[in-house]
Each structure stands twice: as structure tokens, then as C-alpha cells.
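Residues: numbered from 1 along the sequence shown. The figures that follow rest on heavy atoms only: side chains count, while hydrogens, waters and symmetry mates do not.
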Amino acid sequence: MTVSLSHPVALTPFQKRAAEHLKNDTRPVPPQLTLGGFVHVGKTGGSTISTILRNGCNEIAPKPCRPERVQEQNETAISKLTTYYHDFKRGARERKQSIFMKPTLHDFYLFTVRDPVDRLISSYLYTHPANKEAAQFSYFKETPLYNQKMKELDGSEAAVREFYLREIFKRSVSEKANEHIYKCFPTLNEYAALLGDPDEFIEGNWKRFVSDGGCDNVAKLTVHNKVDEAMMHHLSNLSFITWNLGIGLVNKTIMVVRTEYLNKDWIAANTYLGQPKDTIQIPYAKLKDSSKVEQPVKNILTRDNRKKLCFALKKEYNVHLSLIGQSVNLSPNAKAASLQAARESCPWLNFTMPGPIIEVFGQDWKDWCDQQGCPL
């Protein structure tokens with residue numbers, strides 16, 4: 001299919017380049033994979049969008065992938081023009097193939113973003129072992145085997161659950177690590193309470209700190225992305241991703257899709273690339289919707305502990321707002337709304353709209369980049 005283009009204003013050089021690729025459904029000259037990179041930050045709705053992306057699969061998988069999920073008659077511009085990235089803190093093989101190894105290869109980046117406190121809370125609850133177990137059992141209840149076992153075990157759900165946990169439920173390496181780390185903060189309120197001054201911490205093996213009772217230090221390590229294996233969604237935040245992308249974001253076109261306005265921002269991103277609004281496929285499939293699962297561990301947070309979360313996430317908010325401020329698919333009113341939302345989420349922090357990412361990270365990033373040999 002050839003996408004018809006419809007730009008209401010004069011095209012930027014980037015839009016002209018994108019229009020040419022869309023018109024002929026072409027690919028850039030290798031080694032560039034696609035014109036753009038789709039950066040899925042965990043717990044922001046990226047999985048929903050990935051179901052309608054031509055290349056919406058794990059970054060190490062061959063492309064294109066899962067074409068059956070893309071409707072050819074209204075495939076989006078973003079689908080045609082992006083490669084999908086999500087597994088930012090996995091094994092050596094994933095890191096070798098990750099976006100961090102080729103940050104300058106894309107002309108534009110689209111990030112899925114969410115209010116940082118809301119994202120952290122969602123991530124904490126999602127990866128909590130008790131909630132994960134409850135969610136997996138709820139999916140099992142939809143299978144024929146569940147009904148069979150209910151008959152065999154005289155209708156006792158407790159007995160079926162015991163069978164499921166003993167015979168069916170398998171924990172991954174990261175889930176086993178989660179069981180260990182969550183011993184330090186079994187509730188959200190306890191986790192936030194431990195943060196205190198988030199910049200006062202000791203680097204080291206988090207498992208040793210858990211064993212030694214240094215749970216406040218463990219909580220702070222999670223904020224600074226100093227934990228491996230555990231809390232994967234929690235750690236792959238915007239600060240970590242953009243810090244490592246570094247020079248790859250300089251002078252690049254940035255787009256964002258905010259969780260709170262997912263469909264609206266998705267449409268705006270595709271129309272910016274020239275696709276007529278009435279031809280844009282809207283994300284609707286939600287994979288393994290856990291929002292309806294009764295979670296044993298709930299979103300209970302005192303005002304004082306929410307304040308601690310806010311201060312711990314101050315840099316994350318600045319990165320979040322910086323990307324929103326740079327995004328070409330959001331209107332000035334939309335950007336102002338996100339700034340106001342951040343102020344309401346964390347009223348203790350006097351947020352203003354920051355400059356580009358490099359300004360947010362400042363000299364710390366420049367020093368790190370010098371050590372990495374970045375081509376500044």
C-alpha cells in the first residue's frame with residue numbers, strides 16, 4: 001500500500017525525507033534499519049501500540065515481524081518507519097543488539113511516556129511477586145485445564161491454585177530476583193518511606209544489602225538504576241534510556257505518545273509524518289490486561305511518602321518534560337497540560353519546562369560521554 005500524504009503546512013527537511021520513504025515504502029541504505037526508532041518505556045502503553053507495528057517485536061528478532069497484526073489497508077506511517085526497542089537491561093546478547101549500540105542510526109525517535117510517579121507505582125505493583133502470581137493465576141483460570149482441575153478437585157479454587165503454583169507456574173530469573181528484592185519493601189508505602197535522601201547511597205551488590213538489612217540503600221539503588229535482574233520495568237526509565245542514547249538524540253526529531261492521551265498523540269505523530277487522519281489504525285489490543293486482576297498488594301501511599309517519591313524522581317520528571325517539550329507532534333497546549341499535570345502530581349517541586357536532554361544532564365553527561373568516546 002502507498003500512503004497518501006497530507007501536510008497542512010510547509011514540510012520540514014525531515015518530513016520530506018519521511019514522505020519519500022512512505023511514498024515508495026522504502027528502507028534506508030544499510031546499516032540504518034529504519035528512519036525512526038520506537039522506544040517503548042515499560043508501563044506506558046507501548047505493548048498496546050506494538051501490536052500494530054510492522055517491526056513491533058523484540059529488537060533482536062528479524063524484521064519485519066508479526067505482519068499479521070498490521071492491517072495493510074491502513075498501516076500507519078509510524079509502523080512503516082520505525083524499529084521497536086524495549087529490552088534495555090537484559091542479557092549481553094540483547095545489549096549488543098540494543099538501541100544503545102546504534103543511537104545515531106535513526107533520524108527520529110518516538111518515546112512512549114507517562115507521569116513518572118504513576119509509572120513507578122504501576123511498575124512496582126506489576127512486578128511485585130504477589131501481584132504477578134495473582135495475575136498469572138487469573139490467566140490460568142481462562143484455560144480448559146482450570147475447568148478440568150476444578151472438577152477433579154471438588155470445586156476448590158484453593159486446591160487448584162496450589163496445583164497451579166506447584167505444577168504450572170514457572171518463575172523466570174528476574175521473577176526470582178524480584179522475590180528476593182521485594183523482601184525489603186513488601187508494600188509501596190514501605191518502598192517510598194525508605195528513599196529518604198535518594199542521592200545518599202552506597203554502590204554495591206544489592207543482594208548483599210538485602211541480606212545485611214540495608215533496605216534503604218537497596219531502594220535508593222533502584223532509583224539510580226544500580227540493580228540488575230530485578231524490577232526490570234522499574235529500572236528502564238527515561239533517565240536511563242536517554243542517558244545511554246546520549247549523542248543519538250542531538251539534533252534529532254523527537255515525538256512522544258503520552259499514556260494519558262495515547263490515541264490522540266498516536267494520531268498526531270502519524271499526521272505529522274503526513275498520513276491522513278482517517279487512514280490511521282488506532283491501537284486497541286491490550287495484551288494480558290492485568291488492570292482487572294484483584295491485586296493483593298495495592299496502591300496505598302501516604303502524602304509524606306508520595307513526597308519522597310517525587311523528590312527521588314525529580315531528574316526523571318525533568319527528562320520526561322524535556323522530551324515532551326521537544327516533541328514535534330504535540331501542540332503548545334498539550335505541552336502546557338503535561339507541565340501542569342507534573343505540578344499537580346508533585347506539588348512540592350516547582351517544575352518549569354526544561355531544555356534539551358543534554359542540558360538536563362549537564363556536565364555529568366558530558367564527562368561520561370568523554371569517557372565513552374562520544375563524537376560530540
Side-chain angles (χ1 to χ4, degrees), residues 40-48 50-51 56-62 65-66 69 84-98 119-188 191 205-208 210-211 218 222 225 227-236 285-298:
H40 169 195
V41 182
K43 309 310 296 177
T44 61
S47 293
T48 297
S50 75
T51 63
C57 55
N58 187 290
E59 48 262 42
I60 65 173
C65 57
R66 294 191 286 190
R69 294 187 175 186
Y84 174 81
Y85 299 98
H86 181 47
D87 292 333
F88 300 107
K89 287 180 73 70
R90 297 294 175 91
R93 183 186 179 201
E94 285 83 353
R95 286 195 296 271
K96 185 177 180 180
Q97 298 292 330
S98 83
R119 196 195 80 86
L120 183 145
I121 291 173
S122 177
S123 173
Y124 173 92
L125 296 176
Y126 176 76
T127 57
H128 195 292
N131 290 348
K132 179 68 73 172
E133 184 179 298
Q136 293 299 320
F137 183 65
S138 74
Y139 305 143
F140 176 68
K141 288 171 70 173
E142 299 174 4
T143 68
L145 182 57
Y146 171 80
N147 295 327
Q148 176 186 327
K149 286 297 175 181
M150 284 292 285
K151 292 178 181 178
E152 292 176 1
L153 298 172
D154 300 322
S156 171
E157 185 168 294
V160 175
R161 185 185 184 93
E162 183 179 338
F163 160 80
Y164 171 76
L165 294 177
R166 183 181 66 252
E167 303 293 339
I168 306 295
F169 184 57
K170 304 298 181 184
R171 293 170 176 81
S172 65
V173 172
S174 63
E175 287 169 339
K176 290 177 181 177
N178 286 339
E179 289 184 340
H180 191 50
I181 200 169
Y182 273 94
K183 292 176 183 177
C184 265
F185 26 78
T187 70
L188 177 64
Y191 172 74
N205 187 304
W206 66 268
K207 295 177 182 178
R208 177 172 60 82
V210 172
S211 299
V218 175
T222 67
N225 297 288
V227 169
D228 59 3
E229 297 180 344
M231 304 177 77
M232 304 300 289
H233 279 85
H234 196 78
L235 298 171
S236 292
K286 196 163 187 179
L287 306 178
K288 289 190 174 182
D289 185 358
S290 60
S291 63
K292 298 177 182 178
V293 176
E294 181 64 26
Q295 295 183 321
V297 180
K298 303 184 186 301

Worksheet, complete the sentence: Rounded to the nearest 0.5 angstrom, the OH-NZ distance for Y164 and K141 is 12.0 Å
Practice prompt. May I have the step-by-step check of side chain to side chain contact (heavy atoms under 4.5 Å, CB included) for V160 and F140, ending in yes or no?
Written response: CA-CA 10 Å; V160 175; F140 176 68; 3.9 Å; yes
Practice prompt. Please indicate whether K176 has more than 12 foreign heavy atoms, meaning atoms of other residues, nucleotides or ligands, lying under 6.0 Å from its NZ.
Written response: no
Worksheet item: Is the closest side-chain heavy-atom distance between K207 and E229 below 4.5 Å?
Response: yes
Fill in: Spacing of E162 atom CD and E157 atom CD [to the nearest 0.5 Å]
13.0 Å
Worksheet entry | Inter-residue atom distance E133.CD - F169.CZ, 0.5 Å rounding | 6.0 Å
Worksheet item: Any side-chain heavy atom of M231 sitting closer than 4.5 Å to one from Y182?
Response: yes
Item to complete: Would you mind checking if E152 and K149 are paired as a salt bridge, meaning a charged N to carboxylate O distance below 4.0 Å?
Response: yes
Worksheet entry | Considering all heavy atoms, the nearest G46-Y84 contact | O-CE1, 4.5 Å
Worksheet item: So, E179 and K132, do they make that salt bridge, N to O below 4.0 Å?
Response: no
Fill in: Step-by-step side chain to side chain contact (heavy atoms under 4.5 Å, CB included) determination, H128 to N178
CA-CA 7 Å; H128 195 292; N178 286 339; over 6 Å; no
Discussion item. Checking the side chain of R119 only, and the main-chain atoms of G42 only, is there a donor and an acceptor separated by less than 3.5 Å?
Written reply: yes
Worksheet item: Got a second to check how far I181's CD1 is from Y191's OH, nearest 0.5 Å?
Response: 8.5 Å
Worksheet item: Quick one: are V297 and Y124 in side-chain contact, heavy atoms under 4.5 Å?
Response: yes
Discussion item. Using 0.5 Å steps for rounding, measure from the CG atom of N131 to the CD atom of Q136.
Written reply: 11.5 Å
Fill in: Student check: side-chain heavy atoms of H180 and S211 closer than 4.5 Å
yes
Worksheet entry | Shortest non-hydrogen contact between K170 and E175, atoms and distance | O-OE1, 3.6 Å
Worksheet, complete the sentence: Shortest non-hydrogen pair, K298 vs Q295, comes out as NZ-O, 2.8 Å
Worksheet item: Minimum heavy-atom separation for V41 to S236, with atom names?
Response: CG1-O, 3.6 Å
Worksheet item: Just how far is it from atom OH of Y146 to atom OG of S138, taken to the nearest 0.5 Å?
Response: 11.0 Å
Worksheet item: Taking side chain as C-beta onward, heavy atoms only, is F137 less than 4.5 Å from L165?
Response: no
